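Just so it is clear, the structure is predicted and the values come from calculations on it, not from any experiment. Residues: numbered from 1 along the sequence shown.
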Amino acid sequence: MWNKTKFTKLLGIDYPIVQGPFGGGLSSVKLTSAVSNAGGLGSFGGQPFSSNEIIEICSEIKKLTNKPFNINLWINDRDKALTTFDSDQFNKLTELFKPYFNELGLPIAERPTNLGTKFEEQIEAVYEAKPAIFSFVYGIPSSDILENCRRLGIKTVGAATTVDEAIALENAGVDSIVATGFEAGGHRVSFLRSAEDSLTGTFSLIPQVVDSVKIPIIAAGGIADARGIKAALVLGADAVQMGTAFLATTQSNASQDHKDKLFTPEAKYTILTKVFTGRLSRGIRNRLTEELKNHEELFAPYPLQSKFMGLLKAYPGTANSNPDFKAYWAGQSASLLKHRDAKTLMENLVNEMNKI
């Protein structure tokens, strides 16, 4: 049976379908619990939340499901260049974006000082909440953290964009690996080399990773329907992770304009850009990504660029903003989306796979 894999056995779930965890507040308790209840693995992106908030989120998820679910964090949540990004550089940044602030009638942004919660604080919430799975991106936790998770019965899942990263994760002792190709929406989560030097496609990456490590592999990037699931499993993956398809559902915390955008012809045209956060990420191409694509050397490091763009109201759902300035995250297969309900999406995927 297609749904009996090393990954489903590891976690005790019915189907090898993982809902991608969304950062930026796009995850929701409803979506996470809905996917887990449907037999897949629901995920929640804890990246923007404090330790106390993550504990409360886990508590709310547990009220809606008794099935395994995943909490995701960013290991590396501050770019090294942040320490040397001085006032002159910030002034150049504001000059570059001044026309866009003026167009929206917004005051020129002052340098944000609150850059968010750090991973070292957030991981304490994982220990306390004890989700079945702790997944992470942008690196590998310390051996102490991984040992604490093992002691607490928490399975660990790391993300790799290259074969070398997958090998490093296995050597560190994680339980499973998300091998993510450059087709995926959102951030490119490379950690051994730059994201620009780690752009392998999903269906080239998967068989190479499968041949290089022994732990379960989750294929991610450009998988939006049963055909993608079948292809990934044939290439040796033990599960798939689907992000954009679940982001588009009513249960996600994406804004309605973001969800609607995913079902328009514009969703066919995605681009890798640093304009929204300072880190390479894939979203729908727009005026801002096109006009500033040759000025990336002026962008601030993460997360300063992200906070700065928040002042420009670049995130969907913000009032009095311009869609041409917004970050509409999407993978390259967004044009394949058909379903707006997570339960219906899961049922359709399972039915189609059973037919195949």
Novice: With the 4.5 Å side-chain cut-off for hydrophobic clustering, are Leu205 and Ile223 part of the same group?
Specialist: yes

Novice: Would you call the rings of Phe90 and Phe308 parallel, tilted or perpendicular if under 30° counts as parallel and over 60° as perpendicular?
Specialist: perpendicular

Novice: What I want to find out is whether Arg340 reaches Asp260 closely enough, with some N-O distance under 4.0 Å, to be called a salt bridge.
Specialist: yes

Novice: Has Ser33 got a side-chain atom pairing as donor or acceptor with Lys30's backbone, closer than 3.5 angstrom?
Specialist: yes

Novice: What orientation do Trp74 and His187 show, parallel under 30°, tilted 30 to 60°, or perpendicular over 60°?
Specialist: perpendicular

Novice: State plainly whether the residues Glu290 and Arg287 are in salt-bridge range, i.e. N to O under 4.0 Å.
Specialist: no

Novice: Answer yes if the side chains of Arg282 and Thr270 hold a donor-acceptor pair under 3.5 Å, and no otherwise.
Specialist: yes

Novice: Salt-bridge test for Glu297 and Lys92: reply yes if a basic N is under 4.0 Å from a carboxylate O, no otherwise.
Specialist: no

Novice: Against the six-membered ring of Tyr328, is Lys261 placed for a cation-pi contact (under 6.0 Å from the centre, within 45° of the normal)?
Specialist: yes

Novice: Taking only Lys NZ, Arg NE, NH1 and NH2, and the carboxylate oxygens of Asp or Glu, determine whether Lys343 and Asp341 approach each other closer than 4.0 Å.
Specialist: no

Novice: Indicate whether any N or O donor in one side chain lies under 3.5 Å from an N or O acceptor in the other, for Thr202 and Glu183.
Specialist: yes

Novice: Please check this pair: side chain of Lys6 against backbone of Lys214, looking for a donor-acceptor N/O pair closer than 3.5 Å.
Specialist: yes

Novice: Do Asn70 and Ser43 have a side chain donor and acceptor closer than 3.5 Å?
Specialist: yes

Novice: Do Asp324 side-chain atoms and Asn286 backbone N/O form a donor-acceptor pair below 3.5 Å?
Specialist: no

Novice: Do you see a donor-acceptor pair shorter than 3.5 Å between the side chains of Ser212 and Gln208?
Specialist: no

Novice: Look at atom NZ of Lys259 and say whether more than 12 heavy atoms of other residues, nucleotides or ligands are closer to it than 6.0 Å.
Specialist: yes

Novice: Holding to salt bridge (charged side-chain N to carboxylate O under 4.0 Å, His left out), I want the full list of residues that pass it with Asp257, two or more places apart in sequence or in another chain.
Specialist: Lys326

Novice: Going by heavy atoms in the side chains, are Ile17 and Phe246 under 4.5 Å from each other?
Specialist: yes

Novice: Please check if any side-chain donor atom of Tyr315 sits under 3.5 Å from a side-chain acceptor atom of Ser306, or the reverse.
Specialist: yes

Novice: Applying side chain to side chain contact (heavy atoms under 4.5 Å, CB included) to Ile71 and Phe69, what does each step give before you reach the verdict?
Specialist: CA-CA 7 Å; Ile71 293 295; Phe69 66 89; 4.0 Å; yes

Novice: Can a donor-acceptor pair be found, under 3.5 Å and without considering hydrogens, that links the side chain of Gln251 to the backbone of Ala342?
Specialist: yes

Novice: Could you check whether Tyr302 and Tyr138 have their ring centres less than 6.0 Å apart?
Specialist: no

Novice: Membership question, hydrophobic clusters at under 4.5 Å side-chain separation (ILVMFWY): are Phe276 and Phe97 in the same one?
Specialist: yes

